[in-house]
Amino acid sequence: MPELPEVQLVVDGLNRLIKDRVITHAEVFWPGYVTGVKSSDLEKIVAGVRFDKAIRRGKFIVILFDQVALLLHLRMTGKVVYLDEADKKPPHTHVLFTLDNGKYLAFADTRKFGRLEVISADAVEERLSKLNLGYEPFSAQFNQENISRSLKKRTKNIKNILLDQTIIAGIGNIYASEILFEAGLSPLRPGGSIKPQEIDRLLVCTRKVLKLALDNGGSSISDYIHPDGIGGEMQDHFKVYGRDKEPCLTCANPVKRIAQTGRSTFWCSHCQG
DNA sequence: AACGCTGCCTGTGGGC
DNA sequence: TGCCCACAGGCAGCGT
């Protein structure tokens with residue numbers, strides 16, 4: 001569900017809302033959500049730890065406390081919700097922390113794809129490196145030289161390449177379609193066929209689309225929510241995603257929906273070559 | 001090395 | 001109204 005912008009906004013929300021808070025209690029409602037330690041041990045591991053900061057790497061969230069760190073992935077339907085009352089926790093809350101200011105932090109996930117992995121604070125770097133994540137779109141390494149090398153000789157289509165987290169970290173199914181539309185590139189193009197000038201457009205448009213989503217507070221289709229409960233407006237700015245058969249906003253020809261590796265891609269075959 | 005398919009889960013919306 | 005099917009923002013694991 002959440003892609004880079006939404007994950008970043010969760011991270012920003014945590015840093016704003018729970019800075020220096022101490023966990024006083026932890027309750028696990030669905031043990032399968034917790035990995036790295038026995039879920040029955042979570043309470044004693046996190047009780048008393050103080051929040052330092054949260055960081056994002058790709059679509060992973062690292063929540064750093066003193067001594068311990070939580071590696072969170074929201075997958076399709078994960079949410080983090082900051083609450084005044086435990087009784088108001090969202091449906092499908094799998095883990096609930098009580099904080100020293102009397103508030104609560106709920107980790108909910110309807111489809112149970114997400115995971116909360118508990119690791120020691122000094123193991124974070126090693127654990128992240130094992131994820132083998134690709135370039136961060138807003139880093140200096142996301143550039144012509146590196147992406148050219150990544151695309152060279154690739155036969156896989158560019159849409160699926162954008163989704164490959166080991167090449168570029170953070171793009172998901174919605175923004176892949178939006179980025180390719182913005183860049184005027186067909187999702188069917190093999191990675192190796194993308195020319196240098198087109199790679200430049202891809203770099204620029206990737207940042208442009210993700211930045212627009214960040215500036216609009218992310219996308220809130222149905223499951224996504226900020227830690228403080230406020231949804232974003234980016235869904236109102238989609239140019240192709242979810243607009244099957246509707247007129248292209250540039251040329252008015254109908255937007256097409258196709259399946260690529262079992263996932264929907266939306267594009268305009270007239271504007272994207 | 002690179003690629004595609006399956007499984008993991010629950011909910012929702014459209015067609016009948 | 002109810003039923004059934006398709007589909008949903010992701011990724012690990014596995015086979016080829």
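Note that the coordinates shown come from a computational prediction; the quantities given were computed from them, not determined experimentally. Note on naming: letters A, B, ... go to the chains in the order of the sequence lines (proteins, then strands), and numbering restarts at 1 for each one.
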Peer 1: In whole Å, I'd like the distance from the CZ atom of A:F29 to the C1' atom of B:dC9.
Peer 2: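 To the nearest whole Å, that distance equals 19 Å.
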Peer 1: Looking just at side-chain N and O atoms, do A:Q260 and A:T265 make a donor-acceptor pair shorter than 3.5 Å?
Peer 2: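 Checked: A:Q260/A:T265 side chains pair up, N/O donor to acceptor below 3.5 Å.
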Peer 1: Can you tell me the Watson-Crick or wobble partner of C:dA6, both distances under 3.5 angstrom?
Peer 2: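 Here C:dA6 is engaged in a pair, and the nucleotide opposite it is B:dT12.
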Peer 1: Any Lys/Arg nitrogen of A:D12 or A:R56 sitting under 4.0 Å from an Asp/Glu carboxylate oxygen of the other?
Peer 2: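 A:R56 and A:D12: not salt-bridged.
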Peer 1: Can you check whether A:Y175 has a side-chain N or O nearer than 4.0 Å to OP1 or OP2 of C:dG9?
Peer 2: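 The answer is no; no side-chain N or O of A:Y175 sits under 4.0 Å from OP1 or OP2.
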Peer 1: Under a 4.0 Å N-O cut-off, is there an ion pair linking A:E6 with A:K59?
Peer 2: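 A salt bridge is absent here (no side-chain N lies under 4.0 Å from a carboxylate O).
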Peer 1: If only side-chain N and O atoms of A:T155 are considered, is one of them under 4.0 Å from the OP1 or OP2 phosphate oxygen of B:dC3?
Peer 2: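 So the side chain of A:T155 is within the cut-off, an N or O lying under 4.0 Å from OP1 or OP2 of B:dC3.
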Peer 1: So does A:R257 get a side-chain nitrogen or oxygen closer than 4.0 Å to the phosphate oxygens (OP1/OP2) of C:dC7?
Peer 2: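 True: A:R257 side-chain N/O within range (under 4.0 Å) of C:dC7 OP1/OP2.
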Peer 1: Round to the nearest Å and state the distance from A:D109 atom CG to C:dC11 atom P.
Peer 2: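 Result: 13 Å.
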Peer 1: Go through the side-chain N and O atoms of A:D100 and A:T24 and say whether any donor and acceptor fall under 3.5 Å apart.
Peer 2: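 No.
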Peer 1: Taking atom P in both B:dG13 and C:dG9, what distance in whole Å separates the two?
Peer 2: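 Here B:dG13 and C:dG9 have their P atoms 15 Å from each other.
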Peer 1: In whole Å, what separates the C1' atom of C:dG13 from that of B:dT10?
Peer 2: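 Approximately 22 Å lies between the C1' atom of C:dG13 and that of B:dT10.
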Peer 1: Check DNA chain C against residues 260-268 of chain A and give the residues with a non-hydrogen atom under 4.0 Å, in numerical order.
Peer 2: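 Output list: A:R263, A:S264.
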Peer 1: When rounded to the nearest Å, what value does the distance between C1' atoms of B:dG11 and C:dA12 take?
Peer 2: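 It works out to 23 Å between them.
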Peer 1: Less than 5.5 Å between centroids and less than 30° between ring planes, does A:F113 satisfy that with B:dC8?
Peer 2: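 Given the distance and angle limits, yes, they stack.
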Peer 1: What interatomic distance, in whole Å, is found between P of C:dA8 and the corresponding atom of B:dC5?
Peer 2: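 Their P atoms lie roughly 16 Å apart.
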Peer 1: When you check the gap from the basic side-chain N to the acidic O, do A:R127 and A:E117 get nearer than 4.0 Å?
Peer 2: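 Here A:R127 pairs with A:E117 in a salt bridge, since their nearest N and O are under 4.0 Å apart.
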Peer 1: To the nearest Å, give me how far apart CZ (A:R115) and C1' (C:dA12) are.
Peer 2: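 Checked: the CZ to C1' distance equals 11 Å.
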Peer 1: Write down the distance between OH (A:Y33) and P (B:dC9), rounded to a whole number of angstrom.
Peer 2: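 About 14 Å, once rounded to whole Å.
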Peer 1: Do any side-chain nitrogens or oxygens of A:K112 fall under 4.0 Å of OP1 or OP2 in B:dT10?
Peer 2: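 True: A:K112 side-chain N/O within range (under 4.0 Å) of B:dT10 OP1/OP2.
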Peer 1: Is there a side-chain contact between A:H92 and the phosphate of B:dC9, meaning an N or O under 4.0 Å from OP1 or OP2?
Peer 2: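 No, no such contact exists.
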Peer 1: Where the side chain of A:H73 is defined as all heavy atoms beyond and including C-beta, which of B:dC9, B:dG4, C:dG10 is the nearest nucleotide?
Peer 2: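 Closest nucleotide to the A:H73 side chain: C:dG10.
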Peer 1: Determine which nucleotide pairs with C:dG13, using a 3.5 Å limit on both distances of a Watson-Crick or G-U wobble pair.
Peer 2: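 Pairing partner, where one exists within any strand: B:dC5.
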Peer 1: Rounded to whole angstrom units, what separation is found between the CZ atom of A:R149 and the P atom of B:dA1?
Peer 2: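 Computing the A:R149:CZ to B:dA1:P distance gives 17 Å.
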Peer 1: Looking at B:dC3, B:dC9, B:dG4, which one has an atom nearest to any side-chain atom of A:R111?
Peer 2: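 For the A:R111 side chain, the nearest candidate turns out to be B:dC9.
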Peer 1: Can you tell me how far P of C:dC11 sits from CG of A:L4, to the nearest Å?
Peer 2: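 My rounded result for the distance is 11 Å.
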Peer 1: What is the separation between atom CG on A:N160 and atom C1' on C:dC11, rounded to the nearest whole Å?
Peer 2: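 The answer, rounded to whole Å, is 13 Å.
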Peer 1: Whole Å only: how far is the CG atom of A:N157 from the P atom of B:dC3?
Peer 2: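 Distance check: A:N157 CG to B:dC3 P gives 9 Å.
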Peer 1: Classify the side-chain pair A:S219/A:Y241 by whether it contains a donor and acceptor separated by less than 3.5 Å.
Peer 2: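 Result is no, nothing qualifies.
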Peer 1: For residues A:P196 and A:Q144, determine if any side-chain heavy atom of one lies less than 4.5 Å from a side-chain heavy atom of the other.
Peer 2: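 Heavy-atom side-chain distance check passes, below 4.5 Å.
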Peer 1: Which nucleotide in the list B:dC9, C:dA12, B:dC3 gets nearest to the side chain of A:R154?
Peer 2: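 Among the listed nucleotides, the one closest to the side chain of A:R154 is B:dC3.
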Peer 1: Salt bridge or not between A:E182 and A:K208? Use side-chain N to carboxylate O under 4.0 Å.
Peer 2: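 The answer is yes: the pair qualifies as a salt bridge.
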Peer 1: Ignoring the backbone of A:E6, work out which of C:dG10, C:dG9, B:dT10 is nearest its side chain.
Peer 2: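 Side chain of A:E6 sits closest to C:dG9.
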Peer 1: Taking only Lys NZ, Arg NE, NH1 and NH2, and the carboxylate oxygens of Asp or Glu, determine whether A:R115 and A:D109 approach each other closer than 4.0 Å.
Peer 2: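 Between A:D109 and A:R115 there is no salt bridge, as every charged N stays at least 4.0 Å from the carboxylate O atoms.
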Peer 1: Where the side chain of A:E3 is concerned, which of B:dG4, C:dG9, C:dA12 is the nearest nucleotide?
Peer 2: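 My answer, after comparing the listed nucleotides, is C:dG9.
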Peer 1: I want to verify a distance call: between C:dA8, C:dC11, B:dC8, whose nearest atom is closest to the A:K59 side chain?
Peer 2: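 Per side-chain heavy atoms of A:K59, the pick is C:dC11.
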Peer 1: Determine: side-chain N/O of A:Q165 to OP1/OP2 of C:dG10, distance under 4.0 Å, yes or no.
Peer 2: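 Answer no for this pair, as no side-chain N or O of A:Q165 is under 4.0 Å from OP1 or OP2.
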